[in-house]
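Okay, so here's the structure we're looking at.
Throughout, protein chains are lettered first and strands after them, A, B, ... in sequence-line order, and every chain is numbered starting at 1. Computed from a prediction, not measured in an experiment: that's the story for all the values here.
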Number of protein chains: 2
Amino acid sequence: MKKVSLKDIAQKAGVSTALVSYVLNGKEKETRVGETIARRIKEIAKELNYHPNHLAKSLRSGKTHTFGLIIADISNPFFANIARVVEDEAKKNGYTVIIGSCDENADKSWDLLNVLVNRQVDGFIIVSCENSENQIHYLKERNIPFVLLDRHFPDIQTDFVATNNYKASYDAGVHLIRGGYRNIGLIAYKSDMYHMVERIRGYKHALADSQIDFHANWLKEVKFETMEQDVKTAIDEIMSADQKVEALVFATYGLAINGLKYINELRLQVPSDLAIVSFGQAEVFDLYYCPITYMRQPLEMLGKTAVEFLLKKMKNPDEGMKQILMEAKLIARDSSMAKSAWPAG
Amino acid sequence: MKKVSLKDIAQKAGVSTALVSYVLNGKEKETRVGETIARRIKEIAKELNYHPNHLAKSLRSGKTHTFGLIIADISNPFFANIARVVEDEAKKNGYTVIIGSCDENADKSWDLLNVLVNRQVDGFIIVSCENSENQIHYLKERNIPFVLLDRHFPDIQTDFVATNNYKASYDAGVHLIRGGYRNIGLIAYKSDMYHMVERIRGYKHALADSQIDFHANWLKEVKFETMEQDVKTAIDEIMSADQKVEALVFATYGLAINGLKYINELRLQVPSDLAIVSFGQAEVFDLYYCPITYMRQPLEMLGKTAVEFLLKKMKNPDEGMKQILMEAKLIARDSSMAKSAWPAG
DNA sequence: GCGTTTTTATTAATCGATTAAGCATTCTCA
DNA sequence: TGAGAATGCTTAATCGATTAATAAAAACGC
């Protein structure tokens, strides 16, 4: 009933634990273990259903073959899916992932980081939240390998894997403009995070490049914590402004969900009353009565590459920084249909 | 840069590691450590930013303060949310959770179980998949504490926390019948799992209790692996049968998503062409043009109770089995609107 | 002052596995 | 035949923390 250890096998075979360890680790050749006894040891191991104690292994080797994945918001299906990709990819490489969500809260993120560091994880993949720069510096100081995913800090030299948010947002804007929309709004988070800044910048540039004057009240920045109410207010304002908006970009999945709910409440028709393009991705976008155009981020590639970078970093910490920006792809659906294609009515 | 251990502190303080251990574990009183040196040790610990090595602690104590959560399908938001609840609740109790998804595959589930057992997790919360009874027996034999969540095996004596699926399904049926629907279909998984069997049983009883003759082609059992295609076929058949169906119950979230997509393709109007009630819960149900009626399971309570049971089990393995069935609540929306309330047209 | 507590701190075994170093044998070949 | 090589296995230190057993020093009693 109690656990079987090397010692138990050694005892039963009448040899030292060293021999058992050598054999079970496939080092019989290098360490010249007798063939007969090697076979016997393997037999006994199987017979006793031996499984090595990873704690002991890890303590000795300093490697846990585990890494931490700290995610800004696991209730966002985009991140949930990324988590899945990361987990699968890690498993393929013999690693276990411990996932934690900090819910966009830097303090929670600190706690998670500490718990995981104390559990001796070998490295981190992190989707950073606002005001968590200190945590990145901490990891750098302690020489703990990590890769930033989806969000990064331009002022800190780190490995990262992210989307080209400027480009994605620019493309979203251009797409709507080409569809004949000119008064275009953007609902984003109020945040200093670079990815959000870039999404706003891309949107503005798209307008500017088409000689559309940007109106300050087309851009609404809402707080994550009070998103539900703020989004309603934002839409109210945006729809009643002097330069009433005819198309709207949601900068994240969460904003889109809340926005679409309210748009339904208001009985606004998409796209005739309001065209929509959103970031994020989820089944909701397919199932909405008017399927939602969205920027598809290369989820699979993002996750896989992050794991790849991390594994490389752990193997060779002194190699140069690996940084990559991937392109998002606009998936055009009815919610942003060109005005010219609108059904009569 | 390298990690700070008890020994480092001991050296700096000029004492043995034992003293340091006592002090940092708050056992200064019982072990009568001198006040002066105790204070000094704490100072040095803080100064060196000491954090204990949990591997070493665990190896010694045999407790990792970690448990495994094996989930049948993490891409199902119902389970994703449960995972979140479990994680939060565990954290409150000082436990870390390692989550794994087996994607309804018993082999994968075995792998996960083994990985986690070898990592010496203290216990398991498991959403079982089909044909994984042997795994449950294995845990029982090895005396590893566990609690089954959401799904259980009536033939195996275990702790479990689940929903009363019979009742939920019965209620769904009755709700539709009261709304004036009589030809009612059910799309479920082809599975021997008890929760699915119960959902089918409840549905049939609801019909029977209202003197509605059950037609075999109202019930479609599809395979998880080929769900997308199977659901389409099922809906085609169900809508063209002799006794064409006018209302449909989806036994899971995944089935609902696929079903609704196809219903959109077919341009069927909900609820006039087809009324809907679904299990599972997600934002999609709110955002659908005709909000979907669903059975709300007590997600929060399920997760919390599972953790509670597990902690109790770990503390006191010999206490009796804890088993609980919780009630789901029908959330009525437009998708199952009573026929009498249909807008004219 | 000498034996007895009380107080305070140390020693060393332990958890389970790894691995460098060392000790016997047996083998090889000049 | 005997020095050196090859073979086969054991010893013991190590990872970092815990803790029972024990020792040393100080305080106390008479």
Tell me the interatomic distance from [X], atom [atom1], to [N], atom [atom2], rounded to whole angstroms.
| X | N | atom1 | atom2 | result |
| --- | --- | --- | --- | --- |
| B:N53 | C:dC15 | CG | P | 18 Å |
| B:L59 | C:dA17 | CG | P | 9 Å |
| B:K57 | D:dA17 | NZ | P | 8 Å |
| A:R40 | D:dG8 | CZ | P | 19 Å |
| B:Q11 | D:dG16 | CD | P | 12 Å |
| A:R119 | D:dG16 | CZ | P | 18 Å |
| B:H54 | D:dA17 | NE2 | P | 10 Å |
| A:H51 | C:dA17 | NE2 | P | 12 Å |

Could you check whether any side-chain N or O of [X] sits under 3.5 Å from a backbone N or O of [Y], counting only pairs where one atom can act as donor and the other as acceptor?
| X | Y | result |
| --- | --- | --- |
| A:N105 | A:C102 | no |
| A:E130 | A:D192 | yes |
| A:T64 | A:Q120 | yes |
| A:Q135 | A:A106 | yes |

* Under the salt bridge (Lys or Arg N to Asp or Glu O under 4.0 Å) rule, what do A:K322 and A:E308 come out as? Steps first, then yes or no, please. => CA-CA 10 Å; A:K322 299 196 195 322; A:E308 181 196 326; over 6 Å; no

Kindly give the atom pairs (protein nitrogen or oxygen, nucleotide nitrogen or oxygen) under 3.5 Å for nucleotides 10-14 of chain D.
residue	atom	partner	partner atom	Å
D:dT10	OP2	A:S16	N	2.9
D:dT10	OP2	A:S16	OG	3.1
D:dT14	O2	A:R60	NE	2.9

* Which nucleotide sits closest to the side chain of A:S21: C:dC15, C:dG16, C:dT19? ->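 So the side chain of A:S21 is nearest to C:dT19.
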
* To do: Sequence neighbours left out, what passes salt bridge (Lys or Arg N to Asp or Glu O under 4.0 Å) with B:E225? Give chain and number order.
  =>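 If we apply the salt bridge (Lys or Arg N to Asp or Glu O under 4.0 Å) test to B:E225, skipping adjacent residues, there are no hits.
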
* To do: Under the salt bridge (Lys or Arg N to Asp or Glu O under 4.0 Å) rule, collect the residues that match up with B:R119, sequence neighbours excluded.
  =>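 With neighbours one apart ignored, the set is empty.
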
* Asked: Which residues satisfy the ring pair (Phe, Tyr, Trp, His ring centres under 6.0 Å) test with A:Y194, sequence neighbours excluded?
  ->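 Expected list: A:H152.
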
* Which residues satisfy the ring pair (Phe, Tyr, Trp, His ring centres under 6.0 Å) test with B:F146, sequence neighbours excluded? ->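 Here no residue qualifies.
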
* Quick one, which residues of residues 23-39 of chain A touch DNA chain D with a heavy atom under 4.0 Å? ->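 Per residue number, the list reads A:R32, A:V33, A:G34, A:I37.
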
